[in-house]
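Structure first, then comments.
Every heavy atom of this structure was used, including side-chain atoms; hydrogens, water molecules and symmetry mates were not. Letters A, B, ... are given to chains in the order of the sequence lines, protein chains preceding strands, and every chain is numbered from 1.
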2 protein chains.
Amino acid sequence: MKYSTKLSDAIHILIYIIINSGKPITSDQIAESIRTNPGCVRQIMTLLKKQGIIKSVVGQPRPSLAKNVSEITLLDIYNAVEKDKAFLHLDMQTNRECIVGIHIQSTLQNYYDKIQNAAEKEMQEITLQEIMNSFYEKTVN
Amino acid sequence: MKYSTKLSDAIHILIYIIINSGKPITSDQIAESIRTNPGCVRQIMTLLKKQGIIKSVVGQPRPSLAKNVSEITLLDIYNAVEKDKAFLHLDMQTNRECIVGIHIQSTLQNYYDKIQNAAEKEMQEITLQEIMNSFYEKTVN
DNA sequence: CCTCGCTGTAAAAAATATAGTGACAGCATA
DNA sequence: TATGCTGTCACTATATTTTTTACAGCGAGG
């Protein structure tokens, strides 16, 4: 596969919505900003909508945030678009007749969980509010 | 691509080497335990060797650890086999003519780094010694 | 000195998650 | 009623890894 940029694109979409709130916002416009096509944008937006991060009405080009920016974390967005995908993956096809093959993968799961939790804890502490602030700082300079 | 299981397989190899130290260990044997082929095992072992995690001599089926198990961390192994691959990836093809496109990705890099650091810190605290202990516990039960 | 088994390595092939594309039914607005 | 947009699905293309295959070269043993 190629590297997933869904999280990056989702945040791009959210910021685009925030910045242009009030004006009509079509998936075509957003697609042009991300340099992809409208169908792709709508797919990501559908995932964000399912998680209650954004709101939208069929036929109306007026998407909006469903929560306050300070209540949306990077983890919320990640889980929405990547469906809780883990960073590390076990090899599930090892030889069950070998003592190492039997036990090693279940042993590792515990440690992989710890690593995932550490990353997710960090993601949970980063809000869209914070990202917006950093973004605005950049636009000034 | 499919999910990378290189880290899991690398640890599998290391434990196999530890458990069978003293006996001859061929890449064929290890490959059978992981259920892959010898070439694949040798490629991973080459990466581990480059990082000074294992030692081996051409033509001799006697690989061994190059360090003490308590000095090898999960991060060492990860960096060896995944070459410092990041968990999250920016979308580098956004539209530079759009205010969001210009700034959003560089804004995100900072946050992605934080998340990566949190995960790596956790990985650095997990040693092969610890994994071995957990593994032995499993084999008793 | 020759044979055998193994490692190290590179290049080609297969696998597969993911992005990207295209199409269309249905709602809202004017 | 016509137009523009969203939501959704199925299909295709793409990127990148894993896996496979092959072979040169070293070491050990007879």
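- Shown for residues 42-61 of chain B: residues whose heavy atoms fall under 4.0 angstrom of DNA chain C, namely B:R42, B:Q43, B:T46, B:K49, B:S56, B:V57, B:V58, B:G59, B:Q60, B:P61.
- Residues satisfying the side-chain contact (heavy atoms from CB on, under 4.5 Å) test with B:A86, not counting sequence neighbours, are B:H89, B:Q116.
- At a threshold of 4.5 Å between non-hydrogen side-chain atoms, the residues B:Y3 and A:K85 count as touching.
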For residues 11-23 of chain A, which side-chain N or O atoms pair as donor and acceptor with protein atoms under 3.5 Å away, sequence neighbours left out?
| residue | atom | partner | partner atom | Å |
| --- | --- | --- | --- | --- |
| A:H12 | NE2 | A:S33 | OG | 2.7 |
| A:N20 | OD1 | A:K23 | NZ | 3.3 |
| A:N20 | ND2 | A:Y16 | O | 2.9 |
| A:S21 | OG | A:I18 | O | 3.3 |

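- D:dA15 atom C1' lies 13 Å from atom NZ of B:K85, rounded to whole Å.
- A straight line from OH of A:Y3 to P of C:dT16 spans 19 Å, rounded to a whole angstrom.
- Nucleotide D:dT18 holds its C1' atom 11 Å from the CD atom of A:Q93, rounded to whole Å.
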Side chains of residues 42-55 of chain A: which donor-acceptor pairs under 3.5 Å do they make with residues two or more places apart or in other chains?
| residue | atom | partner | partner atom | Å |
| --- | --- | --- | --- | --- |
| A:R42 | NH1 | A:S27 | OG | 2.9 |
| A:T46 | OG1 | A:R42 | O | 2.8 |
| A:K49 | NZ | A:S56 | O | 3.0 |
| A:K49 | NZ | A:S56 | OG | 3.2 |

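- DNA chain C lies under 4.0 Å from no heavy atom of any residue of residues 20-35 of chain A.
- Residues meeting the ring-ring contact (aromatic ring centres under 6.0 Å, His included) test with B:Y78, sequence neighbours left out: B:F87.
- Considering only residues two or more places apart in sequence or on other chains, B:N79 meets the side-chain contact (heavy atoms from CB on, under 4.5 Å) condition with B:L75, B:D84.
- For A:S70, the side-chain contact (heavy atoms from CB on, under 4.5 Å) partners two or more places apart in sequence, or in a different chain, are A:N68, A:Q129.
- The separation between A:K6 atom NZ and C:dA17 atom C1' is 9 Å, rounded to whole Å.
- In terms of position along DNA chain D, the nucleotide closest to B:V81 lies nearer the 5' end than the nucleotide closest to the other residue of the pair B:R62 and B:V81.
- Separating the NE2 atom of B:H89 from the P atom of C:dA17 is a distance of 16 Å, rounded to the nearest angstrom.
- What separates CE of A:M92 from P of C:dT16 is a distance of 16 Å, to the nearest Å.
- The ring-ring contact (aromatic ring centres under 6.0 Å, His included) contacts involving residues 42-68 of chain A comprise nothing, where partners must be two or more places apart or lie in separate chains.
- At D:dT18, none of the side-chain N or O atoms of B:T36 fall inside 4.0 Å of OP1 or OP2 (strictly under the cut-off).
- Per the geometry, CG belonging to B:N37 stands 13 Å off P belonging to D:dT18, to the nearest Å.
- With a 4.5 Å cut-off on side-chain heavy atoms, A:V69 and A:I131 do not count as touching.
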